[in-house]
Each structure stands twice: as C-alpha cells, then as structure tokens.
Amino acid sequence: MKLLPPYLAAAQADPVQFQQLRQQEQAMSATSLLPAPFRARLFTLLTYQRPVPHCLHYLLAWLLHQGQRVTTIAALLREPVSDEERAAQLALLAAQPEPLQHWPEPATALEQALLWAAAALLLPGEQSEQARQELRRLLVPGAYASLQAFLAFVETCHLWIAAYPEQARAADEQARQHLLRHLPDYEPEEREHLRSLLARLDSCTDEAVLRHELELYRRRLRAVLEASGDSVLLYDHRGRLVYLNAVARRLLPLLQPDHARLAALSAAGEEGQPRVGETVEAVEELLLSEAPTSAPLKRILQEGQAIAGEQAVDIKIKLAGGEEAIFSFSGAPVRGSRGQIIGAVIIGREVTARRRLEQRAHRALEALLAMAEALVQPGEEPLPLQAQGEQQSGEGQTRLVMLRLGELTRQVLGCRRVAMLGLERGTERIQHVAVTGVTPQQERLWQEIVLGVPLGAFLSAPLLERLRAGESLLIDLAAPEFEHLRRQVRSYPLRALLVIPMCLRERLIGLLSVDYGPEEHSYSPDELALAAAVARMATLVLEREHLLEERAEARASVLALREANRRMDEFISFASHELRAPLTVLKANAQLIKRLLQKASVLGRDLGGAAGSGPTRQSPLQVQPVLQRLASIPELLDRSIAQVDLLDRLVGDLLDFSRIQSETLQLVRRRCDLAAIVREVVQSQQQVHPGRDLRLSIESAGEVVVEVDAVRIGQVLTNYLLNAIRYAPPERPIEVRLLVEGQQARVLVRDEGPGVPPELQQRIWERFYRAPGIPVQEGSPVGLGLGLHICRTIIQLHGGQVGLESKPGQGATFWFALPLAYSD
C-alpha cells in the first residue's frame with residue numbers, strides 16, 4: 001500500500017519535522033519488540049476511541065492490507081468495553097503466572113486483553129494504573145519500553161493531525177477513495193461488512209451535517225487564531241489537544257517526548273544490556289511527566305477556573321540548545337449550551353526576555369529603595385561638613401551614607417568601583433571622599449590625593465564647564481590629555497572613567513565616578529540613567545547635611561526667640577501691673593485736687609465779697625488774680641486726667657495682650673441681653689463725647705440672649721466706637737446697629753470717615769499694626785496697634801467672627817457676630 005499516512009501528510013508542513021517523524025516511524029518499525037499487527041490494531045483502537053478524525057480510513061486500509069478480516073476489524077472498532085469487561089480482561093492478565101516469553105497468537109483472548117490494557121494507558125479511566133502494573137509484570141523490559149515508545153509515537157501523530165487537519169483529511173480521503181475502488185474485489189458478505197464499517201467511520205467523530213455547517217465558522221476562527229501572535233491550544237473535555245495555531249506549532253517539538261531516545265532504549269533492551277532495567281523508570285518519567293500546560297489545564301477543566309492576568313502560570317521549558325525559556329500560560333474553560341465544560345483554551349506566550357528584564361528592574365528598584373532608605377536615618381543629628389578627629393578622617397554620617405549608595409550602585413551596575421566626591425561651596429575643593437570596591441590602602445591613597453584639592457587640578461576648564469552644565473563625561477584614560485589622571489590612579493588599572501556631576505540648583509556640589517577596571521565596557525541607556533539617578537541621590541545626601549546644619553542653627557534661633565518672647569511677655573505683664581498701680585493713685589489724686597480747688601474757688605468768691613466790709617478788708621484788685629489762677633487749674637487737671645485715662649487704656653491693652661499671649665485671658669460667661677449691653681455702651685460714650693451724633697438701631701423686638709462675658713463684649717464695642725470717633729468727621733453721625741441673622745446676633749458700627757484701603761483690611765487686625773496715612777479727627781493719635789487685635793481675640797474666644805466692610809472715601813463698617821444662646 002503506497003498511501004501516505006495522514007500524520008506524515010500533516011508533518012509535511014514542516015520539512016524538518018517531516019523527516020524526523022519519518023525517521024522515528026522507521027526506527028519504531030525496526031527496533032520495536034511489539035508485533036506489527038498488534039501495533040496496527042493498537043494505533044487504530046486509540047484513534048477510534050479518542051476519537052481522532054481524518055486518519056481512520058487510512059488505518060482501515062492499513063489493517064486490510066496486513067490481511068486482517070473485516071469482521072475482526074469491526075469487532076475491534078466497537079463501542080468501548082464496560083468497566084466489567086475491562087476488569088475481566090485485567091483479571092485474565094493477572095492470572096498469568098509469569099512474564100510472557102512469547103507474544104500470544106493474534107485474536108486470542110490473551111492478546112485482546114493485552115491490546116485493551118495497552119490502550120488503557122492513554123485512554124482515561126480508573127483502571128489505567130492497574131493496566132500499567134500488569135503490563136510491566138508480563139512484558140519483558142524491552143517490550144514494555146517498546147510499548148511506551150509506540151504510545152508516545154501515537155501521541156505525536158495525533159498532535160500533527162490536530163495541528164494540520166486539512167492535510168490529514170486530504171490524505172485520509174485518498175485512503176477512503178482507495179477503499180471504495182477496491183470494494184468490488186471483496187466477497188459479497190465481506191463487501192457488506194466493509195460498506196457498513198465505512199459508514200461507521202464516516203460518522204465516528206462529528207456528524208456530517210454539523211461538519212458542513214461548522215466548516216465556515218471553523219475556517220474563520222482558525223484564520224483569527226493563526227494570525228495571533230501567541231500560542232493558542234484547544235483541548236476537549238478530556239484534556240486531549242484538538243487544535244494548535246501556527247505559533248504553537250513551532251513549539252510542537254517542545255511538547256512531545258524524545259522518540260529517538262525511546263527507540264534507542266528499546267533497541268538496547270533487545271540487546272539485553274544491563275542498563276535497560278535501570279532506564280525504564282526514566283523512560284516512564286519522561287512519558288508520564290506533565291506537559292507544560294497540564295497544571296493550568298487541570299485547573300480549567302476540573303475546577304472551571306479562568307486563568308488570566310496575575311494568575312497566569314509561568315513555566316520554564318528547556319530548549320533543544322540547552323537553554324531555558326519561560327512561557328506564560330493563561331486560559332479559560334469552554335462551556336456548552338447548558339453551561340457544562342466541553343473544553344479549554346490555553347494561550348501561551350514566551351516571556352523570557354520580559355521576565356529577565358523584570359528581574360533586573362526589580363533588583364534595580366530594590367537597590368534604589370535601599371538607597372532611599374539610606375538617605376533617611378531618623379534620630380541622627382547632623383554632623384559638620386568639616387568634622388574633627390575621626391569624623392574628619394571619613395567616618396562621618398555623610399561618608400557612611402555615600403558608601404552605602406556606592407555599594408548598591410556596584411551591585412546593580414556590576415561595575416568594579418564607585419567613587420563619590422563632595423565639593424566645598426564656593427571653592428570647589430574636594431571635601432568628601434567615599435570609594436567602594438578598593439582596599440583600605442587604596443582608599444587612604446585616594447583621600448591623600450584629592451582631599452582639599454580644587455577640582456580644577458584634575459580636570460581642564462572646558463571639562464569643568466561641561467560638568468557644571470550637568471553633562472556626564474566618559475573619560476578615556478588612554479588619551480594623552482589625561483596623563484596626569486593616569487598617574488593619580490596608578491594604584492589600580494583603569495581603562496575608562498564615567499564621571500557624572502552632582503548639581504543642585506545649577507551649582508556643582510559633587511561628582512560620581514564609575515569604572516569597570518581594565519575591562520572595556522559599553523554603557524547602555526539604562527545604566528546611564530541608573531548612574532544619573534544615583535548621582536541625584538548622592539546630591540541629596542550632601543544637601544541633606546547642609547540642611548540639617550541649617551535646621552540645627554534655625555532650631556537654636558527659634559528656641560532663643562521663643563525664650564525672648566516668653567521673657568518679653570513676662571515683662572509686659574509685670575510692667576502693666578506695676579504701671580497701673582501708680583496711674584490709679586495719680587488719677588485719684590488729680591480728681592481729689594480738682595474737687596478741693598472747686599471748693600477753694602467757691603470759698604474765694606465768698607471771701608472776695610466780704611473783703612470790702614471789714615476793718616482789714618482787701619481791695620478787690622488784690623483778690624481777683626488769685627481767683628483767676630484757681631479757675632485755670634481744673635482745666636489743667638482735666639487734661640491730666642484725660643492723659644492718665646489714655647495711659648491707663650494703653651496699659652490695659654498691654655495687659656490684655658500679655659494674657660492673650662500666655663493664654664491666661666479669662667472670660668466670665670453669663671446669659672445676657674446683648675441689646676442691653678449695646679445700649680449701655682452707646683449711652684456711656686454719648687456722655688463722654690456729648691458733641692458726637694451716635695445713633696442706635698436695635699432691630700429686634702425682644703431680648704437678644706447670648707452667653708458672653710458682658711465686660712469683654714462691652715470692651716469690644718467701646719473700642720469700635722472710639723475708633724469711629726477718632727477717625728470720622730465730628731459733624732457726621734456714627735451708626736450702631738444690632739440685628740439677628742439666623743442663629744447669630746450681629747453688631748455693626750458704621751462711620752463716614754476716610755475708610756480703609758483694601759490692601760490694609762486684613763492687616764489692621766494684626767498686633768502692633770497701625771494703618772498709615774489716616775488722619776485722626778478727635779482724640780490722641782497715640783496708640784499701640786493692639787485694640788483691634790484684642791477685639792478679634794475676644795470675639796473668637798466667644799465662638800464668633802469679626803469683619804470689616806469699607807471703600808476708600810466712603811467710610812467703614814466694623815462688625816462682630818456672636819452665636820445666640822440656646823433656649824432652655
């Protein structure tokens with residue numbers, strides 16, 4: 001029979017694989033200890049039971065060519081035996097007392113039992129392990145190895161048929177036409193059996209109608225899968241591979257066993273070499289070891305899991321050249337119309353380069369994180385940049401951190417040495433030296449050579465300008481212009497030096513140098529970027545030291561300022577109390593003298609009237625000057641009392657400010673009528689300033705109940721009114737309004753003075769601030785700039801707000817708002 005087997009026709013898609021498969025088939029025929037008829041029927045049985053389409057007609061023609069009867073083949077290709085029948089066949093094998101010395105006759109019960117037991121090794125079922133044990137017991141090692149090799153060959157043939165179904169179907173159709181042409185050559189009875197058998201083979205896989213209807217869909221789907229850049233493998237519900245796309249076919253040699261090796265082992269068993277028995281376990285392990293996709297396939301088919309994203313399975317596969325490749329497999333179950341799992345799709349992608357890049361990036365990230373951790377060392381106090389003693393010799397915190405960065409850089413880049421130099425500000429003298437990858441003697445030599453030396457002693461002016469501009473330099477030490485550098489680093493050989501500047505705010509503060517010793521090295525963009533990142537981190541190390549020093553100095557200044565402020569507050573509080581006592585005495589004495597003078601003036605007028613009637617009477621001209629002097633003294637005392645009042649108010653402001661600063665200002669809160677407080681303050685100021693027009697408007701019929709310190713709220717309103725009186729024209733009215741808005745009571749004081757410019761409306765609430773350029777209309781211009789600051793603090797302590805509404809030349813409205821008290 002000269003028909004081409006369908007699996008060889010499919011393998012013709014790859015000429016190299018076609019030759020290998022043909023050689024494996026020839027080696028199988030030449031070395032196998034299994035009889036050819038047994039192998040043919042076993043191949044047919046497995047193909048029919050699996051089922052594998054597009055190969056059965058060829059196998060039928062092959063069996064007929066070997067002289068098999070149609071009835072025998074029909075008996076072979078019947079429905080799978082039941083578990084009871086298979087158990088009976090296994091029992092027949094178990095009843096054999098010793099290993100078989102000769103192969104049983106064809107079509108006998110023992111040979112039939114061997115056939116079904118061998119098929120059980122690849123067909124699913126609970127009795128496959130028992131079949132394996134019986135076959136290993138009955139067959140000599142060489143025959144068992146031949147059986148395993150033949151089963152592996154059948155698996156490979158099925159894979160090729162599934163990979164290239166069009167080529168396999170064409171070859172199988174040729175075999176079918178061959179059978180139809182030779183159908184008349186058989187006896188009538190045999191002819192009818194053969195025609196029935198052909199009908200069975202035509203419908204043993206998919207129904208013909210379904211094949212026709214699904215053909216177009218399959219072609220479209222296959223076109224999409226063939227165009228995919230990933231490996232796509234389709235399995236049925238039993239875990240059998242039914243399709244793989246073009247990318248997956250290139251992986252086919254990786255998914256199949258080494259058949260040439262199996263054939264060699266089988267031949268060695270035939271020669272009776274002692275090593276065959278030792279290698280049977282290795283052969284079995286090779287055949288029974290899980291394929292690369294079996295782990296995800298099991299999870300998909302048995303557990304119904306969909307594997308995607310981070311759940312994808314990475315599997316290492318050893319390639320033919322000995323190197324390892326990493327494949328990432330994902331997949332999902334294929335479900336039928338009722339939701340049952342009818343298959344699985346596995347998608348594989350080679351990710352070797354990506355995983356290696358990820359590993360390198362991971363190592364680089366870990367190193368960068370370690371570098372970042374080295375920059376932050378909590379609990380450390382700053383060390384001076386020019387430390388004394390041991391610190392000056394390089395054991396300071398800056399050098400230790402820089403050494404840590406250098407070691408991490410060596411680990412990531414794989415370089416020989418890393419050096420970091422810190423430069424003194426202004427002079428660019430080398431101030432810090434940290435070198436990794438050298439001996440202690442070489443490090444001391446480095447320090448002796450460079451410490452305290454200007455950078456210009458090593459590099460020319462053009463190179464220095466490039467470094468100051470942030471440009472990295474790759475210095476070839478073999479060049480004549482770097483002869484002086486070669487002499488400086490003569491303690492160890494160098495071929496080239498990569499120098500990266502450390503710049504901060506366009507100022508060169510250090511250098512990072514990397515070298516690979518005498519080896520020639522080409523820096524990749526990733527390596528240059530990583531070295532630049534390390535240089536930036538080292539820049540932060542140097543700047544961190546300066547910042548820590550400045551922070552320590554600033555902290556000392558803040559503590560000193562805080563202590564000075566505390567003492568100033570103590571002084572203000574002490575001075576306010578001490579000044580208020582004599583001011584009280586002065587005011588009381590002035591008021592007492594005023595009253596005495598008023599009495600004396602009345603008495604003088606009485607004496608003047610009686611002077612002209614007595615025997616010693618005085619002239620009216622003598623009494624009049626005295627009375628005139630006494631009449632002018634009360635006015636002077638009034639001015640003195642006004643100044644004492646002003647001084648007393650200033651001292652009171654200082655005392656309140658001191659209490660605010662020390663947070664000792666106490667409020668005595670009670671439920672009060674805010675309307676009554678406002679009326680009382682306005683009436684009091686009307687009496688003090690009788691010439692001013694103070695207008696009061698209370699827009700509430702009843703009481704406005706608030707929970708406040710009445711004295712302090714009165715102090716705030718008084719301060720608002722005094723400011724309005726001081727800056728508003730005397731002839732213009734001052735309006736005071738009280739209104740209720742929601743849950744707040746608002747008090748407003750409006751004047752028609754010059755107003756407050758917008759840029760000053762926030763600053764006037766600051767302590768010690770006095771708005772410039774606003775003329776005083778009445779009263780003393782003397783003030784400390786504390787009144788409004790104290791007002792805002794008092795209102796805020798009550799939970800209220802203050803504000804100002806003003807336009808230049810249109811007056812100003814100062815207001816404060818307080819929350820209303822909740823009714824009981």
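Nothing fancy with the numbering, it's 1 onward along the sequence.
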Donor-acceptor pair, distance only, cut-off 3.5 Å: does the side chain of [X] make one with the backbone of [Y]?
X	Y	result
Ser146	Ser32	no
Arg191	Tyr186	yes
Glu111	Pro104	no
Asp172	Pro6	no

Using the side chain to side chain contact (heavy atoms under 4.5 Å, CB included) rule, pick out the option among Asp314, Ile347, Thr352 that qualifies with Ser328.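 Among Asp314, Ile347, Thr352, the one meeting side chain to side chain contact (heavy atoms under 4.5 Å, CB included) with Ser328 is Asp314.
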With a 6.0 Å cut-off on ring centres, are Phe43 and Tyr58 close enough?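 No, they do not, as the ring centres are separated by 6.0 Å or more.
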Is the shortest distance from a Lys or Arg side-chain nitrogen in Glu98 or Arg137 to a carboxylate oxygen in the other one below 4.0 Å?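 Between Arg137 and Glu98 there is no salt bridge, as every charged N stays at least 4.0 Å from the carboxylate O atoms.
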Just say parallel, tilted or perpendicular for the rings of Tyr523 and His521, cut-offs at 30° and 60°.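 Tyr523 and His521: perpendicular rings.
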Please identify each residue that fulfils salt bridge (charged side-chain N to carboxylate O under 4.0 Å, His left out) with Arg410, with sequence neighbours left out.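 Checked Arg410 against salt bridge (charged side-chain N to carboxylate O under 4.0 Å, His left out); matches are Glu407.
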Could you tell me if the side chain of Val247 sits less than 4.5 Å from the side chain of Asp230, heavy atoms only?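 No, their side chains stay 4.5 Å or more apart.
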For the residue pair Leu121 and Arg132, establish whether any side-chain heavy-atom pair is separated by less than 4.5 Å.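 Yes, at least one pair of side-chain atoms sits under 4.5 Å.
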Go through Gln66 and Gln68 one step at a time and tell me if the side-chain hydrogen bond (donor to acceptor under 3.5 Å, both in side chains) criterion holds. CA-CA 6 Å; Gln66 291 181 347; Gln68 300 285 333; 4.8 Å; no
Distance alone, cut at 3.5 Å: any donor-acceptor contact between the side chains of Gln177 and Glu173?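 Result is yes, a qualifying pair exists.
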